[in-house]
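Worth knowing before you read on, the calculation uses all heavy atoms, side chains too, and leaves out hydrogens, waters and symmetry mates. Note on naming: letters A, B, ... go to the chains in the order of the sequence lines (proteins, then strands), and numbering restarts at 1 for each one.
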Number of protein chains: 2
Amino acid sequence: MNDFSAAQRSRVTMLDVAEHAKVSKASVSRFIGDDRALLSDAIAQRIEQAIAELGYRPNQMARGLKRGRTRLIGMLVADIRNPYSIAVMHGVETACRQHGYSLVVCNTDRDDEQERQHLALLRSYNIEGLIVNTLGHHRDELHELHREMPLVLVDRKVEHLESDMVGLNNPQAIDMALNHLEERGYCDVLLVTEPLDGTSSRIERVSSFKAQIEQRPALRGTHIETGSELTAQLKSFLDTPGPGPKALFCANGIAALASTHALRELKCNLFDDVGLIALDDLDWYPLVGSGITALAQPTTEMGASAFECLLKRLRGDDGAVRTLDFSAQLIVRGSTRGNLR
Amino acid sequence: MNDFSAAQRSRVTMLDVAEHAKVSKASVSRFIGDDRALLSDAIAQRIEQAIAELGYRPNQMARGLKRGRTRLIGMLVADIRNPYSIAVMHGVETACRQHGYSLVVCNTDRDDEQERQHLALLRSYNIEGLIVNTLGHHRDELHELHREMPLVLVDRKVEHLESDMVGLNNPQAIDMALNHLEERGYCDVLLVTEPLDGTSSRIERVSSFKAQIEQRPALRGTHIETGSELTAQLKSFLDTPGPGPKALFCANGIAALASTHALRELKCNLFDDVGLIALDDLDWYPLVGSGITALAQPTTEMGASAFECLLKRLRGDDGAVRTLDFSAQLIVRGSTRGNLR
DNA sequence: CTGTTAGCGCCTTCAG
DNA sequence: CTGAAGGCGCTAACAG
């Protein structure tokens, strides 16, 4: 087996190609780049053949060094095990590839220090743009980066950072959920969210919820956060007599998972004892009890949009900051059938 | 807003630091690298301060270009939406970061052509090592890459490619599953797998299954693949009288998802009509019916091991090819309670 | 159209 | 211990 610690040096370089084809490096460079129009057919063919024979691959690092274009996009993700993030990332990756970019993903595990490090790291690799799906503390670093490259926020805002962002139209989604619950005869709604923790989308959802509940005399609304107390809190919600049929509204997939767990611990009959509607649409929603009604986010599309925002900026667009709000889609399943006993 | 298409050029470079600290670039370079022992305290401090004042970050691209070390690891994933892959990737990423490496992830969406492109791409970025979790067609490319850098296969082998690999001890896992089913009184086991498609781990699981069924007179075993016929095939399995209580054995999380879907379509009473044990342990397993019994893979650990294999090779280890087989862990839930009606 | 000449930012001999 | 000089692989003016 080879000694990789010293390897690399053997790779075929532009000079090799040039010599093999008996042309100058510049011509090879032109062939590689978009300047092929400036080459005679004869020479182009010689180069093409030399490249094929030698198995030459241009070194992106070197190109990047020279041109300042690495074709690398960075993405900062708070929690790589959150299906929502994965889905968005999938959209981003696909769009990247279609445009000849590659994606470097950094998972912060919700840790601020890791966010710092990753930010520094991405910068050191000369990424051309950054997609951020974390809390975005380290405002200074972020600002500095944003001076050097375009930036787009996904699902969460960062205060005092003027950048494009793509996310869900939260008020609209809340409206859809409450309309649906109301239609199905639920009166007493408990919003379950992950701890707010300064996450803008969570905060928005809670405040929209509160505001809209105010406007709907038929509904009563309360809200809690996931955590070790969740089961007890749900029990108390279910046991306390209310104005009528009860339903949970889970603010994302993680909350839905936790809530369903808790309901099972409470020996609830899913979902005859209590209704449930959840943001995000995970593949197991149909399998639980009578199936969980969902408000699906167009995650792939959102990821693609995030990349396209970046691309526009990279192409020189310096227009006003854009905010893209996507609409959720209601997918009705058994958990909001409404015929509660 | 700035013009990013032209930007970059403004970043502070090693020369800036050198001038600011009134030393030579070489000294700054030594400071950055591990040669700090060769610097006087006085000069080191001047440099340190200059770096801080200017907010200097070494350019990894340039370093990589010169030294052939990019601190970049590539990972090729067949399906980024498969929770197993994500879990492994999370392990890899964490290990990478702990050792100062970064991870470039490429998702092939199970497409051979994309695998090709991504392979070429990763090479062009001078990654130092590669983790492969795809079918690994394009043997030539892979061989060529493997001459240049260490390679480790995850969960699947590639014929004629002598490289380290980490995966599950499949025969052992099958043994655990069958033991458990037998203990619980099931006699008629249907293995549900994704289409084999040349995926070595799937093939291994099926052949282990067949071989071990032979050895167990108390069990009857058959197997099918997921696909549009799945529901019909399950129905036929359930309707055909057999030697005794029936159980499904899903060969991975995807198969478990599909099978559970199908069982619901068939109006099965989960899991009183039929038992179920599944490889992988997804977070929703406890939520379905009486809960799905799982054989969990130590995914994080497997990812970390994959990276450590790479690291050893990078550090010069040229010993024999290693194969790391991890053990699954049985997690018993309601789906194999066994008291079938 | 084609080749020559400088570097991009950094590391690494090789002399002081 | 420190600095000067050359080059990693590639691109971008310049000249022909």
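Using a 4.0 Å heavy-atom cutoff across all strands shown, A:Leu39 reaches sugar-phosphate atoms only and no base atom. When heavy atoms are screened at a 4.0 angstrom cut-off, B:Ile43 is found touching the sugar-phosphate backbone but no base atom.
C:dT5 and D:dG6 have their C1' atoms separated by 16 Å, with the value rounded to a whole Å.
A distance of 12.5 Å separates CZ in A:Phe326 from CG in A:Asp155, rounded to the nearest 0.5 Å. For the atom pair A:His118 NE2 and A:Asp111 CG, the distance stands at 10.0 Å (nearest 0.5 Å).
Salt-bridge check for B:Asp164 with B:Arg313: passed, with a basic side-chain N closer than 4.0 Å to an acidic carboxylate O. A salt bridge is defined here as a Lys NZ or Arg NE, NH1 or NH2 lying under 4.0 Å from an Asp or Glu carboxylate O, and A:Glu144 with A:Arg123 meets this definition. A salt bridge links B:Glu93 to B:Arg97: one of the charged nitrogens lies within less than 4.0 Å of a carboxylate oxygen. Look at B:Arg322 and B:Asp317 and you find a salt bridge, because one of the NZ, NE, NH1 or NH2 atoms lies within 4.0 Å of a carboxylate O, short of that distance.
Atom pair A:Ile32:CD1 and D:dG9:C1' shows a separation of 12 Å (rounding to whole Å applied). The distance from atom CZ of B:Arg36 to atom C1' of C:dC11 is 16 Å, rounded to the nearest whole Å. Rounded to whole Å, atom C1' of D:dG9 lies 13 Å from atom CZ of A:Arg67. Atom CG in B:Asp35 sits about 9 Å away from atom P in C:dC11, given to the nearest Å. Taking atom NZ of A:Lys66 as the reference point, atom P of D:dA13 lies 9 Å away to the nearest angstrom. To the nearest angstrom, C1' of C:dC1 lies 12 Å from CD1 of A:Ile47. As a whole-Å value, the separation of A:Arg11 CZ from D:dG9 P is 9 Å.
The aromatic rings of B:Phe307 and B:His99 sit tilted relative to each other, their planes meeting at an angle between 30° and 60°.
In terms of position along DNA chain D, the nucleotide closest to B:Ser40 lies nearer the 5' end than the nucleotide closest to the other residue of the pair A:Met14 and B:Ser40.
Against DNA chain D, the stretch residues 22-31 of chain A makes heavy-atom approaches under 4.0 Å through A:Lys25, A:Ala26, A:Ser29, A:Arg30.
Of the candidates C:dT12, D:dC10, D:dG9, the closest approach to any side-chain atom of B:Leu65 belongs to D:dG9.
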